[in-house]
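Just so it is clear, the model here is predicted, and its values are computed rather than measured. Residue numbers begin at 1 in each chain, while the letters A, B, ... track the order of the sequences.
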There are 2 protein chains.
Amino acid sequence: MQKKTRDSQATKAKIIHTSMMLFSTNGYDATTADEIAKACGINKAMIFYYYKNKVGLYGAVLSHALESIHEEVISKDKEYLHPLEDLETFIKTYALYCEKHPYLPALLLRELSNSGAYLPDVMFDSMRKLFALLSKILKEGERQKLFFNVEPMLIHFMIVGTINLFITTKPLREKSSKIENEIDTCCDCDMEYVADYIFTKVKLMLGVKPT
Amino acid sequence: MQKKTRDSQATKAKIIHTSMMLFSTNGYDATTADEIAKACGINKAMIFYYYKNKVGLYGAVLSHALESIHEEVISKDKEYLHPLEDLETFIKTYALYCEKHPYLPALLLRELSNSGAYLPDVMFDSMRKLFALLSKILKEGERQKLFFNVEPMLIHFMIVGTINLFITTKPLREKSSKIENEIDTCCDCDMEYVADYIFTKVKLMLGVKPT
DNA sequence: ACATTTATTAACTATATGGTTAATTATAAA
DNA sequence: TTTATAATTAACCATATAGTTAATAAATGT
């Protein structure tokens, strides 16, 4: 009889990554503990050994998805004195972050469509900080007379919402394009192109003068 | 003993409206047949008397939410020869439609974040048609040299996504604004203002020349 | 008035769900 | 080597879930 080895770190990591994928794909309610356990190849009780309950696991998953967002997108104590460059950095860094953490957009959008039903504080905090960052950049741009008629919340939805939707709707867009390919649903667009496009369009709508 | 009266139309309508609210608020998976029955004040078996199953009821709810979208937003056989006016009409009519059918944005966004897991054909069709309409307007504007550098799918996300997110995030935005009111989360913006703002900004990003 | 149809009811069913428990076993510490 | 600790297991549990069934009763048809 083969002796089984134990690696608590590996087990815990497998739970997190597998849960992230399942929560992202199926949503919180449709993802069961049994399903996660089966997908991990572990006994279900392990989940409750490492996490207090399902919602606790969900919180851990979201924390993990957002763990680097502070360093990569929200740079602490940084001064935002160059709004145009900062705006470009914001858009492209967020887009890149989503590409590297492909389960985040669906998780985020679900909470945004759900009025935050299961939204842990850590995620609410990150979302608020993300918005605060963009808001600061936009306000600085307005102060410097580079940007005009700024409404940060709506600009935020246009940038972050669009990036998220671009990612989450990929299967639907491909399905649509199979039915009729007269309509261009951006199936061949890559994230870099989309980020560039958004930046270009946001500059226009902010009234940025051509240099 | 008071005799009970029956009104099948009223019962059916109550199931639809109550389900719409619950599916919108809680999502499909977290909304139970028992809960719907209780909220309607009917016996649960009535739901399965009128609808084959839960997913069938969901489909009926979505059909109901979208039933007027064809007449009000997507006008059949109409010519789109005035892209600027047509664009304005599209944005404002969609915004108004969402205001009159407040449960639609959450239902829509959930499906968009879900890769359409429970998406009935009727809704997929409506979504495709809605996008096709905007696409047509944008392409005509490009043809007439009124609009420039058009990417219909991304513009669609910026318009429709933003309107949907504005509605679904209202509680979260209010919650955020209570924590710190230094950040403006558009809590006092009404739908008309938002629609106007979006139209103004979309004109700019399409490169519309001032008249 | 009686027969038929339809809407409603209470109770039931098989299965699923989040979580628990006690035993077992691999690993680390003494 | 023995003891203690931590990770894992199989089985269990109370409750919930989507749906079913047969009986009942209101409404309609003859």
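Each of B:Asp7 and B:Lys54 has a nearest nucleotide on DNA chain D; the 5'-most of these lies closest to B:Lys54. If B:Arg6 and A:Asp29 are placed on DNA chain C by their nearest nucleotide, the residue sitting closer to the 5' end is B:Arg6.
The shortest distance between side-chain heavy atoms of B:Tyr94 and B:Ile159 does not fall below 4.5 Å.
Rounded to whole Å, atom P of C:dG19 lies 15 Å from atom CD1 of A:Ile42. Summarising the geometry, the separation between CG on A:Asn26 and P on C:dA16 is reported as 16 Å, rounded to the nearest angstrom. Going from atom NZ of A:Lys38 over to atom C1' of C:dG18 covers 18 Å, rounded to whole Å.
Under 4.0 angstrom from either OP1 or OP2 of C:dA10 there lies at least one side-chain N or O belonging to B:Asn43. Using a 4.0 Å cut-off, no side-chain N or O of A:Thr5 falls inside it from OP1 or OP2 of C:dA26. Checking the phosphate oxygens (OP1, OP2) of C:dT20, no side-chain nitrogen or oxygen of A:Tyr49 falls inside 4.0 Å. Look at A:Thr11 and you'll find a side-chain N or O under 4.0 angstrom from OP1 or OP2 of D:dT8.
Nearest nucleotide to the A:Tyr50 side chain, out of D:dA7, D:dT17, C:dA7: D:dA7.
Taking the six-membered ring for Trp and the full ring otherwise, the centers of B:His64 and B:His17 sit less than 6.0 Å from each other. No close placement of the A:Phe166 and B:Phe157 rings is indicated, their centers lying 6.0 Å or farther apart.
A:Leu96 CG to A:Thr89 OG1: the interatomic distance, rounded to the nearest 0.5 Å, is 11.5 Å.
Note on A:Ala45: a base of the nucleic acid sits closer than 4.0 angstrom, heavy atoms only.
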